[in-house]
Amino acid sequence: MAGQDDHKTCPEDLAPVHGNIDGLSEVTMKMSLPRERRLRRVVLPTVRVVAGPDLLHFASLAPETSLILGRDEAAGLSLTDASVSRNHVRVSCDDQGEVTVQDLGSTNGTTVNGQQVSRALLRPGDHLEVGAVSLRLDLLGLDELAHLRRVLERLNAAGQDALTGLHTRAFMDDELPELASRCEEAGAPCTMLFGDVDHFKNINDTWGHAVGDDVLRGIARLVLLGIRDTDAAVRYGGEELVVFLPGSDTRGALDVAERLRRNISGHDWARTAGGLKVSISFGIAQRLAGESIKDWMQRADRAMYSAKKSGRNKVVAADLSDAAST
């Protein structure tokens with residue numbers, strides 16, 4: 001999920017947030033290669049919320065299992081939206097890995113790819129609407145499921161920013177100096193992404209502060225999904241955020257920032273508010289040897305403002321000439 005080679009996730013403890021993972025070896029995906037080169041990867045059918053307040057919440061199914069999606073706290077995947085019935089749908093996986101969805105007499109109905117259904121087969125990539133909540137069925141590997149679970153754990157960890165679930169600015173004083181020192185002592189690069197949501201005041205003025213808060217929550221989830229577990233994301237202030245990528249140089253950070261920018265601008269924000277579109281601008285600065293945290297941040301901040309001036313929804317990297325003037 002995190003993308004480039006230096007941002008791959010690692011399968012540590014593999015239990016997903018919901019669902020039984022017994023029998024995982026029976027669920028595989030084969031690539032279209034000659035038999036002697038065919039690769040097998042353990043995957044699980046997984047329904048995942050792709051928009052709204054429950055974004056990233058998910059549940060996986062092993063063969064011959066089922067789960068309930070609904071507003072009931074005891075549901076296999078509990079959804080908070082008021083449009084969802086307490087026990088809205090049942091999603092089942094048979095012994096061959098085929099997934100079906102069955103509406104359980106819900107108040108607001110169930111649709112698959114825009115068609116209302118009472119029972120239907122779900123294929124990977126299909127969109128499932130449970131009331132007003134949008135989900136998608138995907139085949140996810142164990143490393144992807146472990147990363148998703150850890151993202152949700154990070155969002156709910158103690159001491160995080162109450163709105164976004166990111167680190168607070170206290171991280172800059174308490175942990176960042178040590179992180180920067182460790183990288184410098186190891187001869188490893190460390191690069192900062194300084195992001196600012198484009199036209200955020202217009203979002204608040206047009207749709208209200210509640211929608212603005214939903215945007216910040218959604219961006220935080222998309223950012224954490226797109227970075228490694230060892231990276232750090234901080235809500236710096238208002239609509240600004242900072243991401244620290246230990247071990248990544250400018251080139252690697254550009255790849256990460258571009259991926260985050262695309263994921264944010266391409267997200268289905270209309271599920272949050274009709275007609276809503278959101279983008280973000282990033283400045284990038286790799287820390288120089290002996291550079292102070294203050295000067296490092298100022299370079300990233302200036303690069304971000306260059307991205308704003310060049311049209312927004314951009315990524316700009318600081319250059320060494322800028323460092324000479326710091």
Side-chain angles (χ1 to χ4, degrees), residues 2 7 51-57 147-148 150-180 190-205 207-246 248 253 256-257 259-261 263-265 267 269 272-273 276 278-285 287 293-294 296-305 307-308 312-315:
H7 272 72
D54 294 323
L55 178 66
L56 301 188
H57 285 224
H147 182 58
L148 260 178
R150 291 192 294 267
V151 166
L152 293 174
E153 288 177 347
R154 291 174 75 178
L155 288 167
N156 293 296
Q160 303 296 86
D161 176 67
L163 176 63
T164 63
L166 301 180
H167 289 300
T168 67
R169 285 187 65 162
F171 177 91
M172 318 288 284
D173 296 324
D174 299 340
E175 300 182 52
L176 179 58
E178 182 181 352
L179 174 65
C190 189
T191 303
M192 177 191 311
L193 313 182
F194 202 122
D196 185 87
V197 183
D198 297 326
H199 300 298
F200 188 70
K201 183 178 183 300
N202 290 346
I203 292 173
N204 280 333
D205 291 346
W207 285 279
H209 288 271
V211 169
D213 287 349
D214 286 342
V215 167
L216 295 178
R217 276 190 288 262
I219 286 175
R221 283 156 173 74
L222 293 171
V223 166
L224 288 182
L225 186 65
I227 62 177
R228 301 167 300 184
D229 299 328
T230 53
D231 299 329
V234 177
R235 186 184 182 196
Y236 188 67
E239 66 274 22
E240 294 178 325
L241 59 90
V242 186
V243 181
F244 298 98
L245 308 176
S248 293
V256 175
R259 181 172 62 254
L260 296 180
R261 183 194 64 77
N263 289 348
I264 290 168
S265 63
H267 183 67
W269 294 105
T272 301
L276 176 64
V278 178
S279 64
I280 191 168
S281 298
F282 280 109
I284 295 175
R287 185 170 181 248
I293 300 294
K294 178 181 177 181
W296 183 25
M297 290 202 65
Q298 286 179 344
R299 288 198 300 118
D301 189 26
R302 286 195 291 270
M304 182 270 291
Y305 276 103
K308 293 279 191 182
R312 294 183 171 84
N313 195 21
K314 305 273 187 180
V315 176

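Contact record, Leu166 with Leu241: CD1-CB, 4.5 Å, taken as the closest heavy-atom pair.
At a threshold of 4.0 Å, the pair Asp213-Arg217 does not count as salt-bridged, since none of the basic side-chain nitrogens sits closer than that to a carboxylate oxygen.
Side-chain contact of Asp196 with Ser281: a donor-acceptor pair under 3.5 Å is absent, judged by distance alone.
A donor-acceptor contact shorter than 3.5 Å links the side chain of Asp231 to the backbone of Arg228. The main-chain N or O of Leu276 is never found under 3.5 Å from a side-chain atom of Trp207 such that the two would form a donor-acceptor pair. Without hydrogens or angle criteria, Arg259 side chain to Gly226 main chain gives a donor-acceptor distance under 3.5 Å. With hydrogens and angles ignored, the 3.5 Å screen pairs a side-chain donor or acceptor of Asp161 with a backbone N or O of Thr164. Judged purely by atom type and a 3.5 angstrom limit, Thr191 has no side-chain atom pairing as donor or acceptor with the backbone of Leu245. The backbone N or O of Gly238 lies less than 3.5 Å from a partner atom in the side chain of Arg235, making a donor-acceptor pair.
Using a 4.5 Å heavy-atom cutoff, the side chains of His199 and Arg312 are in contact.
The aromatic rings of His267 and Trp269 lie perpendicular to each other, with more than 60° between the two planes, well past the 30° mark.
A cation-pi contact links Arg169 to Tyr236, judged by a cut-off of 6.0 Å to the six-membered ring centre and 45° from its axis.
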